[in-house]
Number of protein chains: 2
Amino acid sequence: MTQRRRPTIHEVARVAGVSISSVSRALNGNTSNADMLARVNAAVQQVGYVPSVVAQSLKTQHTGQVAFAMEDIGNAAYLEMVRRIQPTLRDEGYRLLLHSTGADVEDELGVLASLSQNYVDGLILCPLRVTDRHVEALRRAAVPVVVIGLLPDDVPVDNVRADSRVGARLAVEHLAEAGARRIAFIDGPLDTVPGRARYDGFRAGLEAAGLHGDDALVRFTDFQFEAGRRTALELLTEHPDVDAVLGANDLIAMGVLHALRELGRDVPGDVRVVGMDDTPLAATSFPALSSVSLGSADRGRLAAELLLRRLDGDDAPPERVTVPPSLTVRESSR
Amino acid sequence: MTQRRRPTIHEVARVAGVSISSVSRALNGNTSNADMLARVNAAVQQVGYVPSVVAQSLKTQHTGQVAFAMEDIGNAAYLEMVRRIQPTLRDEGYRLLLHSTGADVEDELGVLASLSQNYVDGLILCPLRVTDRHVEALRRAAVPVVVIGLLPDDVPVDNVRADSRVGARLAVEHLAEAGARRIAFIDGPLDTVPGRARYDGFRAGLEAAGLHGDDALVRFTDFQFEAGRRTALELLTEHPDVDAVLGANDLIAMGVLHALRELGRDVPGDVRVVGMDDTPLAATSFPALSSVSLGSADRGRLAAELLLRRLDGDDAPPERVTVPPSLTVRESSR
DNA sequence: TTGAAAGCGGTACCAG
DNA sequence: CTGGTACCGCTTTCAA
């Protein structure tokens, strides 16, 4: 492991017998002299030269990097986003930096502030909560930012959002059509972006389906399996007449399935269950879980595309894109 | 969005009425003059100065970035790794870059080669296959690399590995103890690092358990749910006497559970099932899936720690760490 | 077309 | 302790 210093453009120039300017030109396709090109390439091969992206960045004021910040990459929805964001960016030559902020609002703000260090050309942010300080930080962000999630109208950044309203309505309408009348909802924390949006969506869904909502059938807990299970056990014990449960994500819904099994209730015979996010869990569970896809993958891809457009110099007004949800019906509600 | 040029150290120096050297010193804690410190800080506040990490990187030859490259972040095992790698690195001030190589060997080699661009200080690599070219590339890597996975002994890089042998043995012994005699194994591709290791582990496990192996009960497919399901259907139809199945990962094992259900076989009554990786799928499935944890989270953390040590200048001989597996028994094999 | 030279924004050595 | 300055490695004007 002899750590010989990496060759610089000067070595190449010396070996090729030309100036560093010529080497730079040749490497960047700004030479018409074929002979020059050949000599430079030969020298590059000989010394094993690879340009330093750091030096290039300093000169060009452009890092070739983009950051993606979300609460926890362990969350299936965010995971789906990264999986699309990364290739989309890479195809355009950008590297992806990951920031898991761990549900820490300070950390989210820290990421926003750190943009001033100019270590990335842009940011895709998936905030768990949007406070005034977020809005302020977004306003003065040093580089283009695309936010995935709900955002006040007057914040001047590109924005990709899911349509939780329609999503929840799809679920509720589907359940109602199947004959459900007492539809319960187990949501995540109401003070998070997704928790709030899904709650509003659920209410709207009930209304759209012409059903009378009952607040006693709505619970707030964490977006987790165990939380869903425990909450469902409580809920179903207190209200045995519930004939359908919507989980705010697939983990919660899986918890509901388990709770129902423990209570000896049949799914979908006695109670129908639908989840949200349509993660791999849904397809592999038993019974297979119906789930509303909020288009995480599409949101990720769109966010990346919007950002790329900005990085390309587009200075059109901030755009807002809403991704339509879709319901996949499986055994749990058939 | 007025994109005013970001202030440089020169602005700060001018405002503070001192030299840029003094500003740099003050900012890096190399000043003893309290007055100087105060003036500089005031100026920093006033102009809103934030140092450019790019310029710092160029000067210090150190980027503060580390890359993690694996096949697909969507794979639960890799996901667990990232979740530990990121915080471990961040605590030491490093940012994390993600490279999903998508099962493309060329891409893996590309990542290794790109290290010469010096955009990161180190790399954690989880190769799907290890070819001679990998070994060669690892030898001449421009920055420290830690490999997670099996590696020939003579490759001089830090290495963290799982113990698939013991892992599979745990599973097989557990199944044998429970009374299983015809234990089948559905593996991933044999020419991948994990596929090979788990196969060897399974064979060793049978032997250790004093069981006679039957090649007809071993199948190779993809590390996926549907692949597992289809393969299990075939296998179980051809060999109805199979009384236990080990899946090379939880997805495959979930597929096996589904197949058994379709065939009307009881789990664990007729057939016991065990998976590997102990992902969230295992705990939430029905029946809950027994699974061998190969310590993905620990491997990730250890890899990050090894790398940090290297980045800290440690030039001890390459280290190899093996993480012990552990079996969590759940309903599917109880 | 080619080479010299001026930065990009910092760090750190060296002299005062 | 402070300021001047060289330099990190590259891109890009500007003259020749």
Side-chain angles (χ1 to χ4, degrees), chain A residues 3-41 43-44 47-65 93 114-121 142-143, chain B residues 3-40 43-44 47-65 114-121 142-143:
Chain A
Q3 288 288 356
R4 202 174 60 267
R5 244 171 41 65
R6 52 201 303 280
T8 72
I9 198 172
H10 290 94
E11 270 80 280
V12 178
R14 195 172 42 69
V15 170
V18 300
S19 74
I20 62 167
S21 332
S22 296
V23 174
S24 177
R25 273 182 229 117
L27 260 33
N28 294 306
N30 298 320
T31 313
S32 42
N33 184 335
D35 178 51
M36 169 71 83
L37 197 72
R39 299 178 59 169
V40 170
N41 280 333
V44 165
V47 305
Y49 171 73
V50 179
S52 155
V53 297
V54 172
Q56 288 178 321
S57 295
L58 179 58
K59 184 62 192 179
T60 63
Q61 304 286 37
H62 159 289
T63 64
Q65 300 188 156
S114 74
L115 294 178
S116 297
Q117 297 178 93
N118 274 32
Y119 61 99
V120 288
D121 298 332
V143 298
Chain B
Q3 287 288 356
R4 202 174 60 268
R5 243 172 40 66
R6 54 201 302 280
T8 72
I9 199 172
H10 289 93
E11 270 79 280
V12 178
R14 196 172 42 70
V15 170
V18 299
S19 73
I20 61 168
S21 328
S22 296
V23 174
S24 177
R25 270 182 233 117
L27 261 31
N28 294 305
N30 300 318
T31 314
S32 42
N33 184 335
D35 178 51
M36 170 70 83
L37 197 72
R39 300 179 58 166
V40 169
V44 165
V47 305
Y49 171 74
V50 179
S52 156
V53 297
V54 172
Q56 288 177 321
S57 295
L58 179 57
K59 184 61 189 180
T60 63
Q61 304 286 35
H62 158 291
T63 64
Q65 300 188 155
S114 74
L115 294 178
S116 297
Q117 297 177 95
N118 274 31
Y119 61 99
V120 287
D121 298 333
V143 299

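Convention: sequence-line order gives letters A, B, ...; per-chain numbering from 1.
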Terminal contacting nucleotides, 5' and 3', DNA chain C versus chain A (heavy atom, 4.0 Å): C/dT1 to C/dG9
Run the numbers on B/Leu58 and A/Val54 for side chain to side chain contact (heavy atoms under 4.5 Å, CB included), then give the verdict. CA-CA 6 Å; B/Leu58 179 57; A/Val54 172; 3.8 Å; yes
Let me check the geometry of the helix from C/dT1-D/dA16 to C/dG16-D/dC1. What is the bend angle between the axes at its two ends, five pairs each, to 10°? 50°
Distance only, no hydrogens: is a donor on one side chain within 3.5 Å (strictly under) of an acceptor on the other, for A/Ser114 and A/Tyr119? yes
With the side chain counted from C-beta on, respond yes when B/Ser52 and B/Arg6 share a heavy-atom pair under 4.5 Å apart, and no when they do not. yes
If you walk 5' to 3' along DNA chain D, what is the first nucleotide with an atom under 4.0 Å of a heavy atom in chain A, and what is the last? D/dG9 to D/dT13
How is B/Asn28 classified with respect to the nucleic acid when contacts are heavy atoms under 4.0 Å: base, sugar-phosphate, or nothing? sugar-phosphate
Do A/Val15 and A/Tyr49 touch side chain to side chain, with heavy atoms closer than 4.5 Å? no
Working to the nearest 0.5 angstrom, can you tell me the gap between A/Thr31 OG1 and A/Arg25 CZ? 7.0 Å
Looking at CD1 of A/Ile9 and OG of A/Ser21, how far apart are the two atoms once the value is rounded to the nearest 0.5 Å? 8.0 Å
Mind listing the residues from residues 51-60 of chain B sitting with a heavy atom below 4.0 Å of DNA chain D? Number order is fine. B/Leu58, B/Lys59
Look up atom CZ in A/Arg39 and atom OG in A/Ser22, then write down how far apart they are to the nearest 0.5 Å. 9.5 Å
How far apart are the closest heavy atoms of B/Ser19 and B/Ala13, and which atoms are they? C-CB, 3.8 Å
Contacts of type side-chain hydrogen bond (donor to acceptor under 3.5 Å, both in side chains), residue A/Asn41, not counting sequence neighbours: none
Taking the side chain as C-beta and beyond, is there a heavy-atom pair between B/Val120 and B/Leu115 under 4.5 Å? yes
Does the side chain of A/Asp121 come within less than 4.5 Å of A/Val143's, by heavy atoms? no
Any non-hydrogen side-chain atom of B/Thr63 less than 4.5 Å from a side-chain atom of B/Asn118? no
In residues 14-24 of chain B, which residues come under 4.0 Å of DNA chain D by heavy atom? B/Val18, B/Ser19, B/Ile20, B/Ser21, B/Ser22
